[in-house]
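Below: one structure, written as structure tokens.
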Amino acid sequence: MEVSDDDFLVLWKEISEALVRIAGLINPVKIAEWQKAIGTFLKDPLSEKDKGHDQELLNWYQNGTGVKEYMNKVNSSIKHLTETVCEEAKGTNDQLNCLRQELQYEAQGIKDQLGEEVKTAAEKVQCLRQELQDAAQGLKDHLQQGGQPNSSAGEYHNLDLEVAKEVGDKGGESYAYGNLGIAHQSLGDLRKAKEYYDCLETAKEVLQPTP
């Protein structure tokens, strides 16, 4: 930084007094000699050697100032880059949070929809199984009362078999095969009845655990 002539004289006075005090501590006898030398140094022109030192000091000052300005620019660039990265990271985090929230909503919607569909399908299967059981019970009651068997029982049991296969109910399949065998035996169709009894035995083997 630049120093005015007035400021330089004030600083020079403070420096001179400090040098004289130091000289007095070293050798009190030479205080006057130091004061004269300091006064002469301020007034006498610089030698070529002194001018060289002065120029070197000036170069050091200029270089130091240039380095300081460069470091200030670097620090400013780093600060700007850091702010930019933080803003971009914040924007990315906001986008990720929004996307995560959207995915959670969609996943919950799919879960709810599937849950309702499974519940509805289960209710339909239960109603159909109940209808089939009621029909089978009606047929059983009819036969016990001396009624004649009819082909509608086979239709009910066939439907029961289809439902059991659709839902993967192996026990239901066995139950349907047995009822179909009884129904066809009641109708006098022994060949068909045997086919269903054979299917019943095969289904039982599938249900039985392997030893």
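We number each residue from 1, following the sequence as shown.
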By side chain to side chain donor-acceptor pair (under 3.5 Å), Gln108 pairs with (sequence neighbours left out) Asp112

Tell me the closest heavy-atom pair linking Leu19 and Trp34, and the distance in Å.
O-CE3, 4.0 Å

Residues forming a side chain to side chain contact (heavy atoms under 4.5 Å, CB included) with Leu99, sequence neighbours excluded:
Glu102, Leu103

Mind checking the OG1-CG spacing from Thr82 to Asn75? Nearest 0.5 Å is all I need.
10.0 Å

Starting from the C-alpha separation in whole Å, work towards a yes-or-no answer on salt bridge (Lys or Arg N to Asp or Glu O under 4.0 Å) for Glu33 and Lys36.
CA-CA 5 Å; Glu33 181 180 348; Lys36 181 180 178 180; over 6 Å; no

Using a distance-only test with no angle check, is there a side-chain donor-acceptor pair under 3.5 angstrom linking Asn97 and Gln101?
no

Apply side-chain contact (heavy atoms from CB on, under 4.5 Å) to the pair Ser77 and Leu81, showing each step before the final yes or no.
CA-CA 6 Å; Ser77 299; Leu81 180 60; over 6 Å; no

Go through it in stages, so that I can follow the logic: the residues are Tyr197 and Gln185, the test is side-chain contact (heavy atoms from CB on, under 4.5 Å), and I'd like the CA-CA distance, side-chain angles, deciding distance and then a yes or no.
CA-CA 10 Å; Tyr197 286 142; Gln185 184 177 359; 2.7 Å; yes

Linked, directly or transitively: Ile78 and Val85 (ILVMFWY side chains, under 4.5 Å):
no

Here the gap from Ile31 atom CD1 to Leu25 atom CG, rounded to the nearest 0.5 Å, amounts to 8.0 Å

Could you walk me through whether Asp198 and Lys194 satisfy the salt bridge (Lys or Arg N to Asp or Glu O under 4.0 Å) test, starting with their C-alpha distance in whole Å, then the side-chain angles of each, then the deciding distance to 0.1 Å, before giving a yes or no?
CA-CA 6 Å; Asp198 291 341; Lys194 183 178 183 304; 3.1 Å; yes

Might you work through the side-chain contact (heavy atoms from CB on, under 4.5 Å) test for Thr84 and Glu87, ending with a clear yes or no?
CA-CA 5 Å; Thr84 302; Glu87 288 295 328; 5.8 Å; no

CD1/Ile182 to OG/Ser186 distance, rounded to the nearest 0.5 angstrom?
7.5 Å

Heavy-atom closest pair, residues Tyr177 and Tyr196:
O-CB, 3.6 Å

Atom CD of Gln95 and atom SG of Cys98: how far apart are they, to the nearest 0.5 Å?
8.0 Å

Evaluate the salt bridge (Lys or Arg N to Asp or Glu O under 4.0 Å) criterion for residues Lys73 and Glu69: first the C-alpha distance (whole Å), next the side-chain angles of each, then the deciding distance (0.1 Å), finally the verdict.
CA-CA 6 Å; Lys73 291 181 180 179; Glu69 292 177 353; 5.9 Å; no

Rounded to the nearest 0.5 angstrom, the NZ-CG distance for Lys192 and Leu187 is 12.5 Å

Asn179 CG to His184 NE2 distance, which is reported to the nearest 0.5 Å
11.0 Å

Tell me whether Trp12 is reachable from Val20 by hopping between hydrophobic residues (I, L, V, M, F, W, Y) whose side-chain heavy atoms are closer than 4.5 Å.
yes

Between Ala193 and Gly181, the two heavy atoms sitting closest are CB-O, 3.4 Å

